[in-house]
Trainee: 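First the structure, which I've put down as structure tokens, then a few questions once you've had a look.
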Amino acid sequence: MLRMLWGAFALACGAAQAIAGSPILPDDNGSAPMRFEWRREGPADVCGASCRTWVSAVGYITADTQRDFEAFAKDPNARGAVLVLDSDGGSVLGTLALGRAIRSLDMITTIGRTAALPPVGDDRRATLSPNGSCESMCAFLLLAGSRRYVPPQAQVLVHQIWLGKKRKQALESSYSAEELNIVQRDIGRLAQYTIEMGGGVDLLETALRIPPWEPLYRLSADELSRMRLSTVDTLFERNVTGQASAAPVTTSMATVGHPSAPRN
């Protein structure tokens with residue numbers, strides 16, 4: 001009986017990484033709050049007329065990330081654009097708010113790593129690698145895309161998301177009735193969001209089976225498809241000439257959010 005009660009409690013605690021949406025610092029101390037940047041593919045002499053454009057979203061999610069994104073998304077080109085995620089997760093409530101803002105713009109979400117190329121005059125270009133990582137709450141942010149693509153090289157990693165101040169000492173900590181109430185509330189919010197975004201509820205169930213003291217669990221290609229985290233076979237659509245279509249060219253690089261330190 002005690003074992004069953006502990007299992008139920010652990011399941012509940014797994015759905016709350018933040019109390020009242022407070023930001024959570026990820027294990028990667030080299031990360032920074034999520035920032036959004038327009039990127040255009042290069043070098044220009046390689047991709048020519050088919051150079052692709054995307055929005056790079058790098059860093060962890062805080063309670064302020066939705067506000068930063070909405071400031072960035074005042075650019076009309078953001079509607080329907082490709083959003084490339086490279087994140088180690090963050091705030092539960094911050095993710096839900098950001099995810100709904102992304103869905104309202106009918107964006108396409110994917111995972112990848114953007115690397116800036118040396119500028120040529122005022123022309124700033126970048127490369128897009130599929131070797132990105134989307135961890136913890138980032139998996140639920142991925143659901144926000146009206147279409148979603150996970151390249152085979154990318155990683156989607158999940159685990160129980162815990163009460164922020166007690167995550168690193170989850171087994172040794174005690175939990176109050178108020179904390180349990182907050183946890184249960186956030187479980188419901190996360191389940192409602194998953195269904196709202198068209199995801200499979202088994203995504204939440206799988207994440208809740210991995211406690212924070214164990215390594216994150218990497219979702220397989222079959223799980224990504226079954227959980228509806230990946231819904232299309234290609235990212236950038238092709239036009240009748242066979243070239244990759246791109247969003248309208250922006251005249252300058254727009255950035256919102258704090259700069260991030262280099263990540264390994």
Trainee: Taking disulfide bond (SG atoms under 2.5 Å apart) as the cut-off, I'd like each qualifying pair that reaches into residues 186-222, sequence neighbours left out, listed once.
Mentor: none
Trainee: Verify the distance criterion only: is there a donor paired with an acceptor across the side chains of Trp54 and Thr110 at less than 3.5 Å?
Mentor: no
Trainee: Begin from the C-alpha positions of Asp222 and Ser220 and carry the test side-chain hydrogen bond (donor to acceptor under 3.5 Å, both in side chains) through to its verdict.
Mentor: CA-CA 5 Å; Asp222 178 68; Ser220 67; 4.9 Å; no
Trainee: Less than 4.5 Å apart, any side-chain heavy atom of Leu190 and any of Met137?
Mentor: yes
Trainee: Can any side-chain N or O of Arg79 pair as donor or acceptor with the backbone N or O of Ser104 at less than 3.5 Å?
Mentor: yes
Trainee: Between Thr53 and Arg40, is there a side-chain donor-acceptor contact under 3.5 Å, judged purely by atom types and distance?
Mentor: yes
Trainee: Counting distance only, does the side-chain N/O of Thr109 pair as donor-acceptor with the main-chain N or O of Leu142 below 3.5 Å?
Mentor: yes
Trainee: With no hydrogens and no angle check, is any side-chain donor or acceptor of Arg218 less than 3.5 Å from a backbone partner on Leu157?
Mentor: no
Trainee: Verify the distance criterion only: is there a donor paired with an acceptor across the side chains of Asn77 and Trp38 at less than 3.5 Å?
Mentor: no
Trainee: Quick one: are Ser87 and Met34 in side-chain contact, heavy atoms under 4.5 Å?
Mentor: yes
Trainee: With rounding to the nearest 0.5 angstrom, report the CZ to OG1 distance, Phe140 to Thr95.
Mentor: 9.5 Å
Trainee: How many angstroms lie between atom CG of Leu83 and atom CD1 of Ile108, to the nearest 0.5 angstrom?
Mentor: 10.0 Å
Trainee: If only atom types and distance count, is the side chain of Ser50 paired as donor or acceptor with the main-chain N or O of Cys47 below 3.5 Å?
Mentor: yes
Trainee: Can a donor-acceptor pair be found between the side chains of Asp64 and Thr62 at a distance below 3.5 Å?
Mentor: no
Trainee: So does Gly198 get a backbone contact from the side chain of Arg228, meaning a donor-acceptor N/O pair under 3.5 Å?
Mentor: yes
Trainee: Is there a donor-acceptor pair closer than 3.5 Å between any side-chain N or O of Arg103 and the backbone N or O of Ala144?
Mentor: yes
Trainee: Would you mind listing every disulfide bond (SG atoms under 2.5 Å apart) that reaches into residues 69-155, with sequence neighbours excluded?
Mentor: Cys134-Cys138
Trainee: In chain order, what residues pass the side-chain contact (heavy atoms from CB on, under 4.5 Å) check against Val46, with sequence neighbours excluded?
Mentor: Pro43
Trainee: Quick check: do Leu93 and Arg189 have side-chain heavy atoms less than 4.5 Å from each other?
Mentor: yes
Trainee: Could you tell me whether the side chain of Glu41 and the main chain of Arg52 form a donor-acceptor pair under 3.5 Å?
Mentor: yes
